[in-house]
Amino acid sequence: VVHSVEFGSDPVGDGMDGDNLPVDLGNFRNNLKSFGIPVGISEDWDRPNIMSNGDGSGLGDMGQRIKDNSDVAHIHPMPFYHFNGNEADSWAYIQKATQFVLDNVKLPTMISETQWAWGNTDHYPNHKDTGIAQYTKYWKTFDDNCEWFKSKNVGWFLHAWRGEDKFDMVKPDGSYVIPNWKPRKC
């Protein structure tokens, strides 16, 4: 079963896809249409002056062009990268970033990437609030807000099972960072 397909490199603006991304996305979407497979990109849709306009009140030109060539909005609200803050502040950011997509993109929405680190990572060296306790709270907050996700009709899944350093669910020794955790099915 194929739920949907993500296209392109993220983040938009990294130079990998170029300005032709919306056209390439549209062509890819047309190729998959006969199979009934929805297409989108995984992105921080509230990224200022690229995906959103300068004041963050709506989509920017690139965001609108990508929306016009998408069937789904796969989003990655990344509070770990967006502020060197505490894990306790991350849920408010996730809600805000998700609501931005619901209000402005208005496509079926899934959080396809988000994370917190359980230790120091090369992705963001010296982040001030990492650890197993923070990591556990971060993911259990997702689980504890199942009703919020249902009320917004937003899905989510774990992006980093293994292979993303200290964002992984599985430690290098094969044990789990959050032992015996079984997220609820939302």
Side-chain angles (χ1 to χ4, degrees), residues 1-82 90-91 93-116 123 138-139 142-143 145-146 148-165 167-169 183-186:
V1 173
V2 176
H3 177 275
S4 52
V5 175
E6 293 179 359
F7 180 85
S9 173
D10 70 78
V12 169
D14 67 359
M16 298 290 292
D17 296 310
D19 291 335
N20 208 38
L21 173 63
V23 173
D24 292 342
L25 173 64
N27 291 336
F28 184 71
R29 179 182 180 210
N30 287 336
N31 288 334
L32 290 182
K33 194 172 282 203
S34 66
F35 299 104
I37 300 172
V39 173
I41 68 166
S42 182
E43 185 57 59
D44 297 318
W45 283 83
D46 60 344
R47 185 179 300 274
N49 298 313
I50 295 177
M51 295 298 286
S52 71
N53 58 20
D55 66 4
S57 63
L59 292 177
D61 179 62
M62 180 64 80
Q64 186 63 51
R65 291 170 53 214
I66 289 173
K67 173 191 171 184
D68 292 345
N69 286 287
S70 297
D71 302 304
V72 294
H74 289 183
I75 67 175
H76 57 236
M78 305 282 246
F80 186 81
Y81 293 116
H82 284 264
S90 64
W91 181 245
Y93 174 81
I94 290 164
Q95 287 179 301
K96 181 180 176 191
T98 303
Q99 194 62 53
F100 176 87
V101 172
L102 295 173
D103 292 344
N104 294 284
V105 181
K106 300 178 184 171
L107 292 171
T109 301
M110 177 177 287
I111 296 176
S112 59
E113 184 177 355
T114 189
Q115 61 232 4
W116 204 266
H123 293 278
Y138 184 81
W139 285 112
F142 268 74
D143 205 22
N145 283 283
C146 186
W148 183 84
F149 285 112
K150 284 181 181 180
S151 74
K152 301 292 182 178
N153 201 27
V154 171
W156 66 274
F157 65 89
L158 295 172
H159 170 77
W161 185 253
R162 180 177 253 161
E164 294 247 6
D165 193 29
F167 297 113
D168 294 347
M169 279 282 162
R184 293 189 291 164
K185 221 177 183 179
C186 284

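Keep in mind the model is a prediction, meaning the values are calculated, not measured.
In this structure, the side chains of Ile75 and Phe100 stay at 4.5 Å or more apart for every pair of heavy atoms. Asn104 has its side chain out of reach of Trp45: every pair of non-hydrogen atoms, C-beta onward, lies at least 4.5 Å apart. Contact of the Phe142 side chain with the Ile94 side chain is registered, since non-hydrogen atoms from C-beta on lie closer than 4.5 Å. Counting only heavy atoms from C-beta outward, the side chains of Asp68 and Pro22 never approach each other to under 4.5 Å. Looking at Met51 and Val12, their side chains come closer than 4.5 Å, going by heavy atoms from C-beta outward. Proximity of Leu21 to Phe7: side-chain heavy atoms (C-beta onward) are separated by under 4.5 Å at one or more points.
Separation of atoms CG (Leu25) and NZ (Lys67) is listed at 14.0 Å; rounding is to 0.5 Å. One finds the CE atom of Met78 at 9.0 Å from the OH atom of Tyr93 (value rounded to the nearest 0.5 Å). Atom CH2 of Trp156 is separated from atom CD of Glu113 by 14.0 Å, given to the nearest 0.5 angstrom. For the atom pair Ile66 CD1 and Ile41 CD1, the distance stands at 4.0 Å (nearest 0.5 Å).
Applying the ring-ring contact (aromatic ring centres under 6.0 Å, His included) criterion to Tyr81, with sequence neighbours excluded, gives no partner residue. Take Trp116 and apply the ring-ring contact (aromatic ring centres under 6.0 Å, His included) test, not counting sequence neighbours, and it matches Phe80, His127, Tyr138. By the ring-ring contact (aromatic ring centres under 6.0 Å, His included) test, His3 is found to be paired with no residue, residues two or more places apart in sequence or in another chain being considered. In this structure, the side chain to side chain donor-acceptor pair (under 3.5 Å) partners of Asp24, at least two apart in sequence or on a different chain, are Asn20.
Residues in residues 71-81 take part in these salt bridge (Lys or Arg N to Asp or Glu O under 4.0 Å) pairs, two or more places apart or across chains: Arg29-Asp71. Residue pairs meeting the salt bridge (Lys or Arg N to Asp or Glu O under 4.0 Å) criterion with at least one member in residues 38-60, sequence neighbours excluded: Glu43-Arg47, Asp44-Arg47.
Judged by distance alone, with hydrogens and angles left aside, the side-chain atoms of Ser9 form no donor-acceptor pair with the main-chain N or O of Asp17 at under 3.5 Å. A donor-acceptor pair under 3.5 Å is formed between the side chain of Asn69 and the backbone N or O of Arg65.
Ring to ring, Phe149 and Trp91 are close: their centroids are under 6.0 angstrom apart.
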